[in-house]
Amino acid sequence: AEQDLGVCYYDDKLAAEFARRQDIENALAMIAASQSDDGLYLHYQPVLDLKTGRICAFEALTRLHSDLLGHISPAEFIPIAEEAKLILPIGRKIVSQALHFLKRLHDSGFESVSVLINISIIQLIDNEFSRNLFQVIRDVRVNPESIGLEITESVFAADFDRINRILGVLDRAGLHVSIDDFGTGYSSLSREQELNVKSLKIDKSFIDGIMQTDPDMTVIADIIAMAHKFNHIIIAEGVEHEKQLRYLRDCGCDWIQGYLVSKPLDENAALEFLARY
């Protein structure tokens, strides 16, 4: 009897997980097919330039709210959007929102502030991605040099040369291409000099290590030195403690983001934050 109950519980759990996944996919499909963004919106996390002490950028972080499920983590809904082949229309909406926020920043007098947007490999290799991106840039009338695109280094595991050629097109157009979660995926250390990117973002797991081990035992200083050798900017994410900030500054890190600077903010709060900083 206990075994039967266990099977029933397992089946019920699987059924609940499947139903939740379907609900999320349905919500994304409705957003993709709609003229409005419905429950899809962005928050913006400030990025601090350690050399100038000024906010130099905001990372656009996608959020989803469903009337049925409430707030849904991007770690849950982005993979579903990718697997359901909805990431292209969803991604276009994300880019549009982010660029309209960038336009609002510049119209408010913050011309030196950029916006960083996360892009998946599915978007990057789509034949229409670059054309659609450049069209939105023209429509919204923003400077491509104020736009950052963040991709995870794992994308290079698929086809390094092809991906790097695409990044070269974006780089030559003036966009700031960044490798996100650097050091955790496809090992691109030996090919860093070849990458058509402007910056590397050190994964939070390395930054957490500053608090857990002897800082002299981390490889962060080596990554920063290597990146600077090839004229790449280094960004540290997940900075939450003064000890981390001091270490990163001593190592010559360029930009940081994390709760020590600010949590992610909605558009109005982001503008208020800039005005106060």
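Just so it is clear, the structure is predicted and the values come from calculations on it, not from any experiment. Numbers for residues simply follow the sequence, beginning at 1. Any value given below was found using the heavy atoms of this structure, including those in side chains, with hydrogens, waters and symmetry copies removed.
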TODO: Please lay out, stage by stage, how Asp139 and Gln135 fare under the test side-chain hydrogen bond (donor to acceptor under 3.5 Å, both in side chains).
DONE: CA-CA 6 Å; Asp139 290 345; Gln135 185 62 55; 2.9 Å; yes
- [ ] Could you walk me through whether Glu83 and Arg21 pass salt bridge (Lys or Arg N to Asp or Glu O under 4.0 Å), step by step?
- [x] CA-CA 11 Å; Glu83 292 168 19; Arg21 178 187 174 85; 2.6 Å; yes
Task: Audit row: Asp171, Lys198, side-chain contact (heavy atoms from CB on, under 4.5 Å) steps and yes/no - done: CA-CA 8 Å; Asp171 181 66; Lys198 286 190 170 69; 2.7 Å; yes
- [ ] Output, in order, the C-alpha distance, side-chain angles, deciding distance and verdict of side-chain contact (heavy atoms from CB on, under 4.5 Å) for Tyr247 and Ile220.
- [x] CA-CA 9 Å; Tyr247 175 79; Ile220 294 174; 3.9 Å; yes
Task: Steps toward side-chain contact (heavy atoms from CB on, under 4.5 Å) verdict (Glu150, Ile179) - done: CA-CA 6 Å; Glu150 296 196 349; Ile179 302 298; over 6 Å; no
Task: Step-by-step side-chain contact (heavy atoms from CB on, under 4.5 Å) determination, Ile90 to Ile31 - done: CA-CA 7 Å; Ile90 293 294; Ile31 292 170; 3.8 Å; yes
- [ ] Could you please spell out the steps behind the salt bridge (Lys or Arg N to Asp or Glu O under 4.0 Å) verdict for Asp107 and Lys103?
- [x] CA-CA 6 Å; Asp107 288 347; Lys103 175 69 171 172; 3.6 Å; yes
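Interatomic distance, CD1 of Ile24 versus CD1 of Ile78, reported as 11.0 Å (0.5 Å rounding). Ile256 contributes atom CD1, which lies 11.5 Å from atom CD1 of Ile202 (distance to the nearest 0.5 angstrom). The structure places CG of Leu175 at 6.0 Å from CZ of Phe134, a figure rounded to the nearest 0.5 Å. Residue Tyr277 holds its OH atom at 4.5 Å from CD1 of Ile55, rounded to the nearest 0.5 Å. Going from atom CD1 of Ile147 over to atom OG of Ser114 covers 9.0 Å, rounded to the nearest 0.5 Å. Atom-to-atom distance recorded for Ile80:CD1 and Ile87:CD1 is 11.0 Å, nearest 0.5 angstrom.
A heavy-atom distance below 4.5 Å is not found between the side chains of Tyr41 and Leu64. The shortest distance between side-chain heavy atoms of Val197 and Leu167 falls below 4.5 Å. Contact of the Ser262 side chain with the Gln45 side chain is not registered, since no non-hydrogen atoms from C-beta on lie closer than 4.5 Å. No side-chain heavy atom of Ser146 sits under 4.5 Å from any side-chain heavy atom of Phe110. In this structure, Arg20 and Glu76 have side chains that are in contact, with non-hydrogen atoms separated by less than 4.5 Å. Within the 4.5 Å cutoff, no side-chain heavy atoms of Val47 are placed close to those of Val261. Residues Lys51 and Asp254 have side chains in contact (heavy-atom distance under 4.5 Å, counting atoms from C-beta outward). In this structure, Glu82 and Ser120 have side chains that are in contact, with non-hydrogen atoms separated by less than 4.5 Å.
A salt bridge is absent between Asp49 and Arg54; no separation between the charged side-chain nitrogens and carboxylate oxygens falls under 4.0 Å. Using a cutoff of 4.0 Å between basic side-chain nitrogens and carboxylate oxygens, Asp208 and Lys204 are scored as salt-bridged. For the pair Arg131 and Glu128, the salt-bridge criterion is met [side-chain N within less than 4.0 Å of a carboxylate O]. Using a 4.0 Å cut-off between charged side-chain N and carboxylate O, Arg246 and Asp250 make no salt bridge. One finds no salt bridge joining Asp181 and Lys201 here, because no Lys/Arg side-chain nitrogen approaches an Asp/Glu carboxylate oxygen to under 4.0 Å.
Formation of a donor-acceptor pair under 3.5 Å by the Lys93 side chain with backbone atoms of Ser36 is found in this model. A donor-acceptor pair is defined here as one N or O able to donate and one able to accept, closer than 3.5 Å; such a pair exists between the side chain of Gln244 and the backbone of Ile207. Of the possible polar contacts, none joining the Asp126 side chain to the Ile122 backbone as a donor-acceptor pair under 3.5 Å is found. A donor-acceptor distance shorter than 3.5 angstrom exists from the side chain of Asn164 to the backbone of Asn196, with no hydrogens or angles considered. Looking only at distances, a side-chain donor or acceptor of Ser73 sits under 3.5 Å from a matching main-chain atom of Ala75. Remark: the backbone N or O of Leu40 is not paired with any side-chain donor or acceptor of Asp37 at under 3.5 angstrom.
Checking Asn118 against Glu59 by side-chain atom types alone, a donor-acceptor pair falls below 3.5 Å. A donor-acceptor contact closer than 3.5 angstrom links the side chains of Ser199 and His176.
Counting all heavy atoms, side chain and backbone alike, Leu124 lies closest to Ile119 at N-CG2, 4.1 Å. Across every non-hydrogen atom of Ile235 and Gln257, the tightest pair is CG2-OE1, 4.1 Å. Residues Ala29 and Leu86 approach most closely at N-CD1, 3.8 Å, considering heavy atoms. Closest heavy-atom contact between Cys251 and Ile224: O-CG2, 3.4 Å. Taking both residues in full, the closest heavy atoms of Cys56 and Leu48 are given as SG-C, 4.3 Å, listed atom of the first, atom of the second, then distance. For the pair Leu69 and Ser66, the tightest heavy-atom approach, listed with the atom from each and the gap, is N-OG, 3.1 Å.
The residue from His100, Gln97, Arg104 that alone fulfils the side chain to side chain donor-acceptor pair (under 3.5 Å) condition with Glu267 is Arg104. None of Asn127, Leu133, Asn132 except one satisfies the side chain to side chain contact (heavy atoms under 4.5 Å, CB included) rule with Phe129; the exception is Leu133.
The ring of His232 has its center no closer than 6.0 angstrom to the ring center of Trp255. For Phe206 and Phe182, the gap between ring centers reaches or exceeds 6.0 Å.
Atom CE of Met30 sits in a sparse spot, with 12 or fewer heavy atoms from other residues, nucleotides or ligands closer than 6.0 Å.
Linking Ile, Leu, Val, Met, Phe, Trp and Tyr residues whenever their side-chain heavy atoms come within less than 4.5 Å places Leu88 and Ile125 in a single cluster. When hydrophobic clusters are built by joining Ile, Leu, Val, Met, Phe, Trp and Tyr residues whose side-chain heavy atoms come closer than 4.5 Å, directly or via intermediates, Leu61 is not grouped with Leu99. A chain of hydrophobic side-chain contacts below 4.5 Å, direct or via other Ile, Leu, Val, Met, Phe, Trp or Tyr residues, connects Tyr44 to Val95. When hydrophobic clusters are built by joining Ile, Leu, Val, Met, Phe, Trp and Tyr residues whose side-chain heavy atoms come closer than 4.5 Å, directly or via intermediates, Leu50 is grouped together with Val239. Using a 4.5 Å cut-off between side-chain heavy atoms of Ile, Leu, Val, Met, Phe, Trp and Tyr, with links allowed through other members, Tyr259 and Met211 fall into different hydrophobic clusters.
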